[in-house]
Amino acid sequence: ASGKLVLYTSQPDKIAAETIAGFNKHEPQVEVEIFRSGTTEIMNKIEAELVGGAPHADVLFIADAVSMEQLKADGRLAAYPGADLRAFPAGTYDPDKTYFGTKLITTGIIYNTAAPFKPASWKDLLKPEAKGQVVLPSPLYSGAAAIHMAAIEAMPSLGTSYYMQLAANGADAAKGNGAVVTAVAGGQKMYGMIVEFMALNAKVKGSPVDFVFPSEGVSAVTEPVAILKTAHNPEAARAFVDFILSKEGQELAVAQGFLPARTDVAPPAGFPKPADLRIMPVDLAKTAADADLLKRQFSDLFGG
Amino acid sequence: MAGLILRTVTKRFADAAAPAVDAVSLDVAHGEFLAILGPSGCGKTTLLRLVAGFERPGAGEIRLGDRLVADGRTHVPPEDRHVGIVFQSYALWPHMTVGENVGYPLRTRGVRGAEYRSRVAAALDVVGLGSAVDRRPASLSGGQRQRVALARCLAMAPDLVLLDEPLANLDVHLKASLLDEFQEFRARTGATMLYITHDQSEAMALADRIAVMNQGRVEQVAAPETLYHAPATAFVADFIGRGGVVAATVPQRADQGRALIEIAGHRAFVRAVPEQAAGRALVCLRPEDLALADDGLPARCRRARYQGGEWLVDVTVEGQEGRPLQLLAKPGTVPEPGTPVRVRISDGWVIPG
Amino acid sequence: MAGLILRTVTKRFADAAAPAVDAVSLDVAHGEFLAILGPSGCGKTTLLRLVAGFERPGAGEIRLGDRLVADGRTHVPPEDRHVGIVFQSYALWPHMTVGENVGYPLRTRGVRGAEYRSRVAAALDVVGLGSAVDRRPASLSGGQRQRVALARCLAMAPDLVLLDEPLANLDVHLKASLLDEFQEFRARTGATMLYITHDQSEAMALADRIAVMNQGRVEQVAAPETLYHAPATAFVADFIGRGGVVAATVPQRADQGRALIEIAGHRAFVRAVPEQAAGRALVCLRPEDLALADDGLPARCRRARYQGGEWLVDVTVEGQEGRPLQLLAKPGTVPEPGTPVRVRISDGWVIPG
Amino acid sequence: MAALLCLIAIFPVLRLLVEGAMPQGKLGLGALDRVLSDPATWTAFGHTLWVSLAAMAISGLIGGAMALVVALGDLPARRTLVFGFTMLLIVPSQITTIAWIELLGPSSVLLKLFGLAPAPGARHPLYSATGITLLLGLEHAPLVFLSLRPALRVLPGDLIEAARAAGARPMRVVRTVVLPLVAPSLIAGMALAFVSTIGNFGTPALLGIPARFPMLTTLIYQRLSGFGPRVLSEVAALSLLLGVLAAGGVLVEAWLAGRRDVRVEGTASSIHLPLGRWRPVAVAAAWGFLALTLLMPLLALLATALVAAYGQPLGPATATLENFRFVLFDDPAAGRAIIDSLGLAAAAAAILFLVAVPVAYFAVWRGRRLMRLLVLAAELSYALPGVVLAIAAILIFIRPVLGLTLYNTLGIILIAYLARFFTLAQRPVAAAFRQLDFRLEEAAQMSGAGFVRRVMTVALPLVAPAAAAGGLLVFLTAFNELTVSALLWSAGHETLGVVVFSLEQAGENTVAAALASLTVVATVGLMALASFLTRHLATPVLPWQA
Ligand SMILES: Nc1ncnc2c1ncn2[C@@H]1O[C@H](COP(=O)(O)OP(=O)(O)OP(=O)(O)O)[C@@H](O)[C@H]1O
Ligand SMILES: Nc1ncnc2c1ncn2[C@@H]1O[C@H](COP(=O)(O)OP(=O)(O)OP(=O)(O)O)[C@@H](O)[C@H]1O
Ligand SMILES: [Mg+2]
Ligand SMILES: [Mg+2]
């Protein structure tokens, strides 16, 4: 493949740069142009471009599947039936092959090392000791948080009342996962819900935080990649998707500190095996359809 | 060429009851020096601003030379009228030095280099501020600011110069030397000048003609001597010069410009228009027409003020206490206030109409 | 009580070569009316600002009554000096109506209600602007603004009134009536007044004494008549009144205040200080001391200007062309410029020292 | 050209209007109807209105007091103070906000010292309407300060002296003479603060979300990000509400400013009002304020930049320059971003500096109706949340306009900046014109100067300090700008705000802090450079000069 490929991604800068470098090793002819921003900004930009009548992006590589589901429902995504999905468990990709999960990003609990107790389960966040000390990312800003909320509500042991109880215990919403790690590492809050890699990265670098995978399980987003119907360079787009799903591409993700979606690649050090993780199941299509309701519920509870 | 013609020019400010300038017509010849006198608030400044183009007349028309510059439809902007103006409030630009202020009109006309510098220097020398070229207006005294404004106007060598009390804040000597300068400037450039002042001697000394304004109207336009000796209205008689106006009877028709008048039983001959009819009239009597004497018009001394060299004595005629007359007396001959005196009338003027 | 004493008060502006006010000492008695005359830029305004407290003297001290208000260490702020001031630039507050401007000093003193209104109205009536109480300064003519500034100062009834050319933009008649007003105000309140003006007749008519300033220094402080008839320096002689100063020889010591002088071979008797010694001296000759005559001082007519009633004639003595003399002539007797004339000297004054 | 700029400034708003009324090209007021009948809209509207009013009052109070004290009071080191107050604008608002959250929170070192720290678990005092209002008020005080400062500088001294001669004490002089005379500038500054507050997103997001206190901007953002851009027309409708608020503010301002004639005659001179025994109080207040609002956040920023991981205490063991090294040498985007933001901010400031003068000239001195209307409309672009303006810009520029492809270049960001910050530049200048004696203009006319020359040689220098204040506002605001460029940047054309934000989103707070610290240093350097370059100008132009 050759030519220009426009990639919109929510990956952090450094990671996105590594991903593209890896891709270019395979396809040196393709010049990748990248727009990096939060998932919501990317969605806004795409929508504005669509309304304006001249979408720019070829490939979309964003945090959560719910947004993908919405784009799919609007008929924006192109199917890629030729994708090699043999090493991927079902459920990590769209059965219609419009988007493909690339890794597992789980949401667990971060806590400040000065916290009065070490949480082990989601229910620990409802304890009186945690009153006013919990911060959670708002699903209005974070795709992972939306899926997490859907997952928790779908868990019979937690259910729809969990978030209400959290609210009653004085938990506060923050804009996104970055804000959660800031609040907990900075000591303004003791506990937070957060995607694992951010907490673990902070811990590795020396922030006074730690991370637990709660006993009830964690929710996971898959950081899916997809090709837009309006892509200008579908050939390069498919080559990109191929690379991301390839073994080499997955090993790169591991090197970056993520749990791979492929079953034939070993997880990074310090992570449980994917098989050992208890992933709370989520019905993506339903979540996408109910997203508005979910978010309204959340904003009624937490204001954000 | 740069004469000025006003035809029934009227200007009324939005919220004002009476017009500030009321149907003023004036013909100023090219190269003429016309002074404008009038009480505070009578519309002098407004008239100048109309001519300069900063105000639009509500009615009437204004011509500069043979160019119509303002009427109901036309309005030539000030920058295209080539009219110089010295503002009553100076309007110096605080961000420029004195030299830059003065040189500004030159720059707009493309004067540069050596000529620019020499003309700025010359204009400042004229007003005695040659050494202040690099100072800022904020550090000047009031009179110095006024002189800078003057220099700025003269430097641009306009065809028509409008001067709004340009010497009000200067001492007599500086005033006199600047008055000379005006004359010289006029002789050199042939510029037409409109000159507002409150100083009558200034106006008399300089002007070819003087326009006297009152409440927005022009009462009389005439040569200084005419204005002084033959005022057209009681207002002008009162306003110009010292002395006063008293009521008199004219027993018979004037004869060859002389008329007999009777005041408080006393009779005298004074000047009058040839067609002056008999009847009641107002008479203008100047201090130099009057003298304290042993016989004459019976009057009463009101008060006396020292004037530098002489005393100015106010007297009133019985029954006309509201119309004082003024006369001069040498030190030593000044009567006490309240004492009756006699006044000899050697000349006077019957105000026509 | 509110007399004013200045002791070697000096003020130098940061970037100026010469001091604006230079070692000025003055004693103004309580209730006195002191006029200050001087050429533009001589430091009059600066002196007033020092007294009001807007500038700090670099040296010297200022006392108001028996209060030391300024010296090297002390500086009583203006608001505590209870000094009224009329600024040369009017300094009206554009956001207040005329009435609010005038009433401001009353409000700061807690005057309210009916008294406030009546005092504002009274002050405005004095300056003839009773009907302008609700107008804004921007819609006033120059003279009207000046009158508002005046009313504002009078309304506060200060002990010491500082007036910086308060009548410069008014016509003679308004001027005269406001001068009366000052006298009346002074008589009523006993206030001390410092009055800067460029109009000598104003100063002569009003002031108890006049201080003549030049280049930051006070040249003479004296009663108007003294100043006029016996100026202490050539500058004062030149600056005050008309006429001129010529060089003469005094052949012998003065006798009982009279001295013989000799100019261009012509001799005359004039006044002098009793101790006037023989030698070379400058003599002040006023127009009323001189007259055209058939014999007398040989001179040459330079030019003549009409003055309303009379002509003012400039003549020069041979060898002293830089020192013109002025005299008055009746219309008809005026010589042509350039012709030789003879001038009779009836009086004069030998400038001492 | 000025008219063109006005058009640029209002075009996005018009485009949004179209989107609001005709979603996807079909006429229909459904969106507007939906928005207006949603109670959440009105809650947010109410919150926005009264928080903004209260914050505006606080800004006016603080900014006004600061300006008065340093302009008139006999304080030592006045220039440094002014410089400090100007610097307040360059501390990114989220940094200030986080610093305050830490300062007043349960873990506050300072409050613990006095035993005043709230108990752990207690509600954070700033997570409240009061907290939002206070911080917004603080944040926007420099706007008032910077608009007021030039006005105070041109005040003729004799007007103040006349008041003192009339027996008025300094406080009274300020109340009855100074304040009314500078009212246009004060009102302009407060209106700027008001419009900024209603358009502010950062603080309501940081404090309002946990406080469950929705405002219009957060509501708009939530709608956009939560429900996707499908609700664009609803967003447009909500933006219109913001517009209504902004326009209301502007109209009130115009009415207030037009009521009085404050054109001053005479020459400016430096004025001092002795503070007397209040002097120590004023000194302490001014420096204390700077310490709290400038020094403390900056130190917090530096402390974060110097540790390897956020939350580590700064000490000899943890201190590292690694973050700075990374920003300076390893992250090509950071370097690019600094240069791009500098260029954008400088270009926007310079263009607006030059354009604001003729626009204000026509709007104020010439009283041109059309120009006034354009100026008023341009106000909206500033009140709109940045995201919304960015969307409008995308809608307009996604296809080549007049044969020019701006999309995905710095050009589109520049245009968006011009549109957004036009008001910041224009306001102070308009206020300055309102205060000037127009005879100065007439004198130039009389000298034969045509329009362009008059503007360049008379109007511009006379309002230069105000224009410089406006340019500075634009520069400092644009330098850290995030919300507009977040959607408009493209590969190789990053802005500082975007890079800092990305780093924060990725949890790289320490690197972000290092970059922000470098930004502050760069800004200070630039301000010093500006001082150096303008030091020979006749009239001092920058707020802290003279
Ligand atoms: N702020 C200032 N800075 C520097 N020099 C000044 C300042 N104010 C006045 N001067 C200078 O000081 C001298 C005296 O000024 P002042 O205003 O006292 O003169 P004045 O006698 O009132 O003159 P005028 O009759 O023209 O008003 C002048 O030469 C003037 O230029
Ligand atoms: N902008 C204005 N708005 C309303 N009225 C005005 C305005 N300017 C002047 N006037 C009024 O118009 C009249 C004439 O004013 P003008 O300034 O022409 O007087 P003037 O003859 O120059 O007086 P002075 O000798 O006092 O300067 C005055 O009564 C004044 O109050
Ligand atoms: Mg006038
Ligand atoms: Mg003066």
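In what follows, chains carry the letters A, B, and so on, assigned in the order in which the sequence lines appear, proteins first and then strands, with residues in each chain numbered from 1.
Between Asp199(C) and Lys175(B), none of the side-chain N atoms (NZ, or NE/NH1/NH2) sits under 4.0 Å from a carboxylate O, so this pair counts as no salt bridge.
In terms of heavy-atom pairs under 4.5 angstrom with chain B, the leader among Gln200(C), Arg147(C), Glu202(C) is Arg147(C). Considering only heavy-atom pairs separated by less than 4.5 Å from chain B, the leading option among Gly38(C), Ser141(C), Ala20(C) is Ser141(C). The choice from Leu170(C), Thr45(C), Thr197(C) that makes the most heavy-atom pairs within less than 4.5 Å of chain B is Leu170(C). The residue among Leu227(C), Asn169(C), Leu206(C) with the most heavy atom pairs within less than 4.5 Å of chain B is Asn169(C).
Residue contact with chain B, scored on non-hydrogen atoms closer than 4.5 Å, involves the side chain of Glu165(C) exclusively. Residue contact with chain B, scored on non-hydrogen atoms closer than 4.5 Å, is absent for Arg135(C). In this structure, no portion of Tyr90(B) lies under 4.5 Å from any heavy atom of chain C. Only the side chain of Leu174(C) has a heavy atom closer than 4.5 Å to any heavy atom of chain B.
Test Asp171(C), Leu167(C), Val172(C) against His198(B) for side chain to side chain contact (heavy atoms under 4.5 Å, CB included) and you get one pass: Asp171(C).
With values rounded to the nearest 0.5 angstrom, Ser40(B) atom OG is found 8.5 Å from Gln146(C) atom CD.
Heavy-atom neighbours of Arg305(B) CZ from other residues, nucleotides or ligands within 6.0 Å: above the threshold of 12.
For Trp311(C) against Glu225(B), the heavy-atom pair with the smallest separation is CZ2-OE2, 3.8 Å.
Contact of the Arg303(B) side chain with the Asp180(C) side chain is registered, since non-hydrogen atoms from C-beta on lie closer than 4.5 Å.
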